[in-house]
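What follows is a single structure, written as structure tokens, with notes after it.
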Amino acid sequence: MNKRVLFVDWETFFDSKGGYGLKEISVTEYVRDSRFKPHGIGYQYLDQDKAHWVSGEHQLAAFIGSVDWANTTVVAHNVKFDGAILAWRYGVKPYLWVDTQALGKAALGEQVSSYSLRSLATYLGLPPKGELTCDGVLEPSAQQLAELGEYCKRDVELCKGIYEKLMPQFPQNQIWHMDWTIRAFVEPRLSLTENVLVAGVQKEKERREAAIKASGLDKRVLASNQQFARHLQSLGIEVRTKISGRTGKAIPAFAKTDEGLAVLQRSNPCLYAARIASKANLLETRGESLLRVARTGLFPFDVGFSGAVQTHRYSGGRGAGGNPQNFTRNSFLRDAVSAPEGHSLVVGDFAAIELRILAWLANEPQLIHKIINNEDVYSSFASLFYKRTVTKADLVERQFGKCAILGLGYGMGGDKFQATVKNQLKLDISDGDAYKTIRLYRTTYFNVPKLWQFAANVIPLIASDRIASLHFAPFIKVRKNALVLPSGLTIRYPNLRRVGDEWVYDVYRKKYESEPTKLYGGKLIENICQALAGELCKEAIGRLESEFKVPCVGQVHDEILAVMPTAAAFVAVEAMAEAMQQPPKWWPQIRLKSEVGYGPTWSTAKK
DNA sequence: AAGCGGAGCGCC
DNA sequence: AAAAGGCGCTCCGCTT
């Protein structure tokens, strides 16, 4: 049977003053709220010239009932919102979900500054979007409802226009993956355990308040850079400054990794602790927002297709209590995420996936050989550095080796490496040691710097009009200002040009203004490694669901989450390991490895 | 009062 | 420059 394509857009009651709106609360809380009330829906099929408007409870029910959802692809702009309403309020399960906002990110990338309906419509030369607000209007008058209908129909037509313009530029094989990111949200399978969140937040609050109280200072003084600096000066403590990378002005060096704060930590630990405690942290704010979601039902997993527009990795969304990609490791946040009754979470992790990709791209035998023989690359590098045999038992030394192996593959310099070691390992190393580590890495794995050089040599080719493939990655094609990945998705370097002896391209960092950004060999390789890792993970999810019938419920870069009945969890572990280890058709040589575990919660499932 | 930019920090 | 990068979230402080 032919699938029909249906464009939709809901108009619903919101009240920003009453705290009931999408700026105020997450999509999940909004749609599940008792105040939720649809004004109506705009819709249009792909083969229709004009959009339609349906309002009124009975008419809406009749419309929903009239659609053959199982054979309909539903398209909307930010479809997680419209899909959540259809799925959670009307029990709709369509053939496929498509999001024109994600389509914009995937197909246009950095070429636009915003992926709002208005911005994409303007960029693509579609008719202007209407202007209308009905903030706080619970019962629109007949005239208001008619105006809302006209406004909504225009949005539906714009959504269809965006789809028609961008779909030809979007690789068909990626449609299923886009659908998966939306299903992970609108068909949630995970739970959030309320009391775990309550206890975690409470503990964190008490810890912070105690630290602030112990200092005897006002929280506002501690939290403000200016006031805190003045307070330190009044105590006769020197306030070190640093130069802002963005503004070029001197600012107080108050970051955790700044030396000035480290000095304070040693000289006045109480004041240091209070300063840190004065800032809200992720643990507490995220715990609170997840708790609000937990009270409404299951946990929708929000990742955005091509959210990382440069590499097409998934980004974390804010639709259900905040970005699930940065839940603090070994924290109560991950303890709170669990499989439903009678089920287990199966979690798989690609082992050192970017390192493997780098090793095979560089064709570096010192890495490839060790990886194939299951030798511990981190210990091996640490052994070279410390000039003695380091094993997994030498925790700090091996951690140092890991930090170097994972960090130095893209050209990192000494200062940055020193800061990274301090930040991740809480380890102080000298300038000399940092420099020595970098030199050791680059001489030991000399094919890696050679790869950066190959990449640097390719940059002029990317900027030219010539069509080619990368000789070190033949499955990646070179196009004008772009690289085409095996999936067909494109890494873009808009307006790539030489400025002096550097290469730059334009990135929208600010909202309305693009900014030249440098491109060099190491960075190009990093973009490629991240992008390929993302593609491998997507392919594994595809195999797991279609071949192994293991329903995947979430993804964090190199990690896949699935939910299975506990009786079948062990079988799913095997399936996941196999699905993740299978090399892709376009790169049969690479050797992948995964670590898979299962348990009742995210924390327990992950080894 | 609301919006924006800068800075810092969580994850991979 | 043989220069790690990709994100989202939060707060402060300034502008509008």
Side-chain angles (χ1 to χ4, degrees), chain A residues 16-17 23 105 220 223-228 242 244-249 251-258 261 276 278-286 289 302-304 306-319 321-331 333-334 349-350 352-354 358 403-404 406-417 419-420 423-424 438-439 441-443 446 448-453 455-456 491 500-503 507 509-513 517-531 533-534 537 555-559:
Chain A
S16 56
K17 283 204 182 98
K23 283 204 177 81
K105 291 184 179 181
R220 282 167 300 192
S224 159
N225 280 4
Q226 288 171 20
Q227 293 182 59
F228 187 61
K242 59 180 174 183
S244 160
R246 285 198 71 74
T247 63
K249 292 178 185 166
I251 51 173
F254 282 162
K256 264 187 199 170
T257 46
D258 288 334
L261 224 60
I276 302 292
S278 72
K279 304 279 186 183
N281 63 33
L282 190 151
L283 223 46
E284 187 178 319
T285 54
R286 193 63 56 82
S289 42
D302 191 359
V303 283
S306 286
V309 296
Q310 191 60 24
T311 60
H312 298 283
R313 291 203 302 183
Y314 294 160
S315 65
R318 51 185 297 189
N323 182 3
Q325 290 180 334
N326 70 348
F327 285 8
T328 314
R329 270 177 164 268
N330 305 315
S331 76
L333 298 177
R334 289 180 194 235
D349 217 321
F350 281 103
I353 188 162
E354 280 192 40
L358 179 72
C403 202
L406 297 183
L408 298 179
Y410 308 117
M412 188 190 284
D415 294 351
K416 182 98 177 174
F417 180 65
T420 303
N423 190 21
Q424 293 182 6
I438 283 165
R439 215 173 40 182
Y441 179 92
R442 292 178 186 172
T443 49
F446 69 90
V448 173
K450 227 156 102 182
L451 180 67
W452 304 337
Q453 191 55 56
I491 300 180
D501 48 6
E502 290 177 341
W503 287 89
V507 171
R509 248 182 254 288
K510 293 182 197 166
K511 211 169 173 183
Y512 305 106
E513 205 182 331
T517 305
K518 289 172 193 168
L519 183 63
Y520 48 89
K523 182 167 165 177
L524 190 70
I525 292 301
E526 175 157 36
N527 283 171
I528 290 172
C529 288
Q530 282 195 355
C537 195
Q555 186 258 32
V556 180
H557 301 305
D558 62 350
E559 181 179 346

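By convention in this document, chain letters (A, B, ...) are assigned in the order of the sequence lines, proteins followed by strands, and residues within each chain are numbered from 1.
Set against B/dC12, C/dC12, C/dC9, the side chain of A/Ala223 has C/dC12 as its closest nucleotide. Of all nucleotides listed (C/dA3, C/dG5, C/dC11), C/dC11 comes nearest to the side chain of A/Ala280. Here the side chain of A/Asn323 is nearest to one of C/dA2, B/dG10, C/dA1, namely B/dG10. Closest to the side chain of A/Trp452, from the set C/dG6, B/dA7, C/dA2, is C/dA2. For A/Ile251, the side-chain atoms get nearest to B/dA7 when compared with the rest of B/dA7, C/dA1, C/dG6. Looking at the side chain of A/Gln453, the nearest of the listed nucleotides C/dA2, B/dG10, C/dC7 is C/dA2. Of the candidate nucleotides C/dC7, C/dC11, B/dG8, B/dG8 has the atom lying nearest to any side-chain atom of A/Ala255. The side chain of A/Ser224 has C/dG13 as its nearest neighbour among B/dC11, C/dG13, C/dC12. Closest to the side chain of A/Arg334, from the set C/dA1, B/dA7, B/dC11, is B/dC11. Side chain of A/Lys523, nearest nucleotide from B/dA7, C/dA3, C/dG5: C/dG5.
Phosphate proximity of C/dA2 to A/Tyr410: absent, as no side-chain N or O sits under 4.0 Å from OP1 or OP2. Between C/dC14 and A/Gln226, a contact under 4.0 Å exists linking OP1 or OP2 to a side-chain N or O. Taking side-chain N and O atoms only, A/Thr328 has no distance below 4.0 Å to OP1 or OP2 of B/dG10. Side-chain nitrogen and oxygen atoms of A/Arg318 include none within less than 4.0 Å of the OP1 or OP2 phosphate oxygen of C/dC7. The shortest distance between the side-chain N/O atoms of A/Thr311 and the OP1/OP2 oxygens of C/dG5 is not below 4.0 Å. The side chain of A/Lys242 places an N or O atom within less than 4.0 Å of a non-bridging phosphate oxygen (OP1 or OP2) of B/dG8. Residue A/Arg286 places no side-chain N or O under 4.0 Å from the OP1 or OP2 atom of C/dT10.
Residue A/Thr420 is classed as having no contact, given no heavy-atom separation below 4.0 Å to the nucleic acid. Backbone-only contact: A/Gly411 has heavy atoms under 4.0 Å from sugar-phosphate atoms and none from a base. Nucleic acid contact class of A/Asn423 (heavy atoms, under 4.0 Å, all strands): none.
Here the closest heavy-atom approach between residue A/Asp302 and residue A/Gly319 is recorded as OD2-N, 2.7 Å. Across all their heavy atoms, A/Gly317 and A/Pro324 have their closest contact at O-CD, 3.9 Å.
More than 12 heavy atoms of other shown residues, nucleotides or ligands fall within 6.0 angstrom of atom CZ in A/Arg442. Counting heavy-atom neighbours within 6.0 Å of A/Asn225 CG, excluding the residue itself, gives a total above 12.
Listed for the A/Lys523 side chain is a donor-acceptor partner under 3.5 Å among the backbone atoms of A/Lys518. A/Thr311 contributes no side-chain N or O that, together with a main-chain N or O of A/Ala531, makes up a donor-acceptor pair within less than 3.5 Å. Remark: side-chain polar atoms of A/Gln555 are paired, donor with acceptor, to backbone N or O of A/His557 under 3.5 angstrom.
Spacing between atom CG of A/Asp558 and atom C1' of C/dC7 amounts to 14 Å, rounded to whole angstrom units. In this entry the distance linking CG of A/Asn326 with P of C/dC7 reads 14 Å, nearest Å.
Using modelled atom types, one finds a donor on one side chain and an acceptor on the other under 3.5 Å when comparing A/Glu354 with A/Tyr410.
The bend of the helix from B/dA1-C/dT16 to B/dC12-C/dG5, defined by the angle between the axes of its first five and last five pairs, stands at 10° to the nearest 10°.
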